[in-house]
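Heads up: the structure comes next, in structure tokens.
Below, each value reflects all heavy atoms present in this structure, side chains not excepted, and no hydrogens, waters or symmetry copies.
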Amino acid sequence: MGRPSEPYSTPAAVGTTAEPRLIPDLIARISWPHWALITAAAVAGVLAVSCLLSILCCRCRHRRKQPRDKEAVGLGSTRSSTTTHLVQPEAGNVESSPEGPQQWGRLQLSLQYDSGSQQIRVGLKQAVDLRARGPGGTADPYARISLSTQAGHRHETKVHRGALSPMFDETCCFRVPPAELPQTTLQVQLLDLRRFSRHEPLGTLSLPLGAVDLRHVLELWRQLDPPGTAEAEQMGELCFSLQYVPGSGRLTVVVLEARGLSPGLAEPYVKVQLMRSQRKWKKRKTSARKGTAAPYFNEAFTFLVPFSQIQSVDLVLAVWAWGPRLRAEPVGKVVLGARASGQPLQHWADMLAHARRPVIQWHRLRSPREVDQALALQRPLRLPLPGS
């Protein structure tokens, strides 16, 4: 009897029968249960799918990032060129423009001379493009008009709040003989009102009257010259507050302090005087302060002024001191009321506009003779009253 044939006798048989049984043999050799094998296979499949998805996402992001980078570069170049065109010309203009009168604004005024009355009529129309020198980029300008030959006579306009191009529309007159016209210079100074400090100059104008033809009415535009330093207060300044109650007619004046007085003055004090119809009506005075050029008073005075008469009164505050003649003499005065002008008129108007509230302000002392002349020459100006 023949031998039985062996199963792995031929190479071909070995190759054909071993491959189909490789995985089952591996599984049979592992001693894990079937549920563990199925779980491991599932976890492996999930990990493989996750890796594939991560690779696809990275490729997509890389493809999208390339055009965005190119676009960002393009926008960056556009922005930089735009900024250069907007800023560079302005910087160039600032550097190339020389510092001159044009920076301080312009002033419009009119001149008219009457040879019969020997008076020159100065009309201050407006100022444009003033330059604010303080914080905030704005100013409270007013103008001070005077002649070089009349140091004690000047005119101040009212204050224009928060305006760099104020409309003044005010007129003043000066008596000048024809023989003095060639030697006379019209001086206009624009100042910024500072309630608790010295006023800041904004610009000046000096116009020799001998250089213009006064035979006709002139309308002129002039560039303002650069302002100088703050004007030296030769007679000093006075700080006080005003309060008016229309119902009871109580006018309260609180004299606070003075500064910049002459060191040679002895025992300065302040007189507070009410005038009605150019006549003295009521008066009070503070106590004297010894040995100081900046006396502090802080004294209050109350006057009864009916509401119907508030438009016809003038309030005069005068600093007095003992002079070398061993008698009290006025050092300087401030007049407020309907006859006032400039800063004092503005203070009086603020008091009427803010009834029952004290309004504090510093005032420059003027020559006593100048104040007395102003009270005798100017006509009362009607001011708006609270409740009217």
Practice problem: Show your working on side chain to side chain donor-acceptor pair (under 3.5 Å) between Asp350 and Gln346 and close with a plain yes or no. | Solution: CA-CA 6 Å; Asp350 290 344; Gln346 187 67 43; 3.2 Å; yes
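- Here the shortest heavy-atom pairing between Asp140 and Gly162 reads OD1-N, 2.8 Å.
- Between Val255 and Phe297, the closest heavy-atom pair is O-CB, 3.6 Å.
- Ser206 places no side-chain N or O within donor-acceptor distance of the main-chain N or O of Gln187, the cut-off being under 3.5 Å.
- Applying side chain to side chain donor-acceptor pair (under 3.5 Å) to Glu156 and the options Gln343, Gln189, Arg364, Arg366 leaves one that passes, Arg364.
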Asp192 and Leu130: CA distance, side-chain angles, deciding distance, side-chain contact (heavy atoms from CB on, under 4.5 Å) verdict = CA-CA 10 Å; Asp192 182 12; Leu130 297 180; over 6 Å; no
### Message
The test is side-chain contact (heavy atoms from CB on, under 4.5 Å); show your working for Arg121 and Thr171 and say whether it passes.
### Response
CA-CA 7 Å; Arg121 186 182 182 91; Thr171 305; 3.4 Å; yes
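- Looking only at distances, a side-chain donor or acceptor of Thr286 sits under 3.5 Å from a matching main-chain atom of Val270.
- Geometrically, Lys282 does not engage Phe303 in a cation-pi contact defined by less than 6.0 Å to the ring centre and at most 45° from the axis.
- Between atom CD of residue Gln119 and atom SG of residue Cys173 there is a gap of 5.0 Å, rounded to the nearest 0.5 Å.
- Side-chain contact check for Val331 versus Pro268: every heavy-atom pair is 4.5 Å or farther apart.
- Under a hydrophobic clustering in which Ile, Leu, Val, Met, Phe, Trp and Tyr are joined whenever their side-chain heavy atoms come within less than 4.5 Å, directly or via other members, Val245 and Val272 fall into different clusters.
- Considering every non-hydrogen atom in both Ala127 and Leu190, the closest pair reads CB-CD2, 3.8 Å.
- When all heavy atoms of Leu261 and Pro295 are compared, the pair lying nearest together is CD1-CD, 3.7 Å.
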Would you sort out whether Cys239 and Gln361 count as a side-chain contact (heavy atoms from CB on, under 4.5 Å), showing the intermediate values? CA-CA 6 Å; Cys239 181; Gln361 194 165 325; over 6 Å; no
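- Between the CZ atom in Arg279 and the CG atom in Leu274 there is a gap of 16.0 Å [rounded to 0.5 Å].
- Taken to the nearest 0.5 Å, the CG atom of Leu193 stands 12.0 Å off from the NE2 atom of His160.
- The distance from atom CZ of Arg250 to atom OG1 of Thr252, rounded to the nearest 0.5 Å, is 5.5 Å.
- Using a 4.5 Å cut-off between side-chain heavy atoms of Ile, Leu, Val, Met, Phe, Trp and Tyr, with links allowed through other members, Leu336 and Val305 fall into the same hydrophobic cluster.
- To the nearest 0.5 angstrom, Leu147 atom CG is 7.0 Å from Ile120 atom CD1.
- In this structure a side-chain-to-backbone donor-acceptor pair under 3.5 Å is present from Gln243 to Arg356.
- Side-chain contact annotation: Arg106 with Gln223, donor-acceptor N/O pair under 3.5 Å absent.
- Tyr244 places no side-chain N or O within 3.5 Å of a backbone atom of Ala353 that could act as its donor or acceptor partner.
- Salt bridge Arg276/Asp314: absent, no basic N to carboxylate O contact under 4.0 Å.
- Rounding to the nearest 0.5 angstrom, the gap separating the CZ atom in Arg131 from the CG atom in Leu202 is 11.0 Å.
- Shortest non-hydrogen contact noted between Pro246 and Ala355 is CD-CB, 3.7 Å.
- A salt bridge links Arg289 with Glu299: at least one charged nitrogen is closer than 4.0 Å to a carboxylate oxygen.
- The cluster map of Ile, Leu, Val, Met, Phe, Trp and Tyr, joined by side-chain heavy atoms under 4.5 Å apart, puts Val253 and Tyr269 in different clusters.
- Within the 4.5 Å cutoff, no side-chain heavy atoms of Trp281 are placed close to those of Met275.
- With respect to the salt-bridge test (charged N to carboxylate O, under 4.0 angstrom), the residues Glu237 and Arg259 qualify.
- Taking hydrophobic clusters as Ile, Leu, Val, Met, Phe, Trp and Tyr residues chained together by side-chain heavy-atom distances below 4.5 Å, Tyr142 does not share a cluster with Val128.
- If you look at His363 and Phe240, their ring centroids are closer than 6.0 Å.
- Cluster membership check: Leu315 does not share its hydrophobic cluster with Leu304, using side-chain heavy-atom separations under 4.5 Å among Ile, Leu, Val, Met, Phe, Trp and Tyr.
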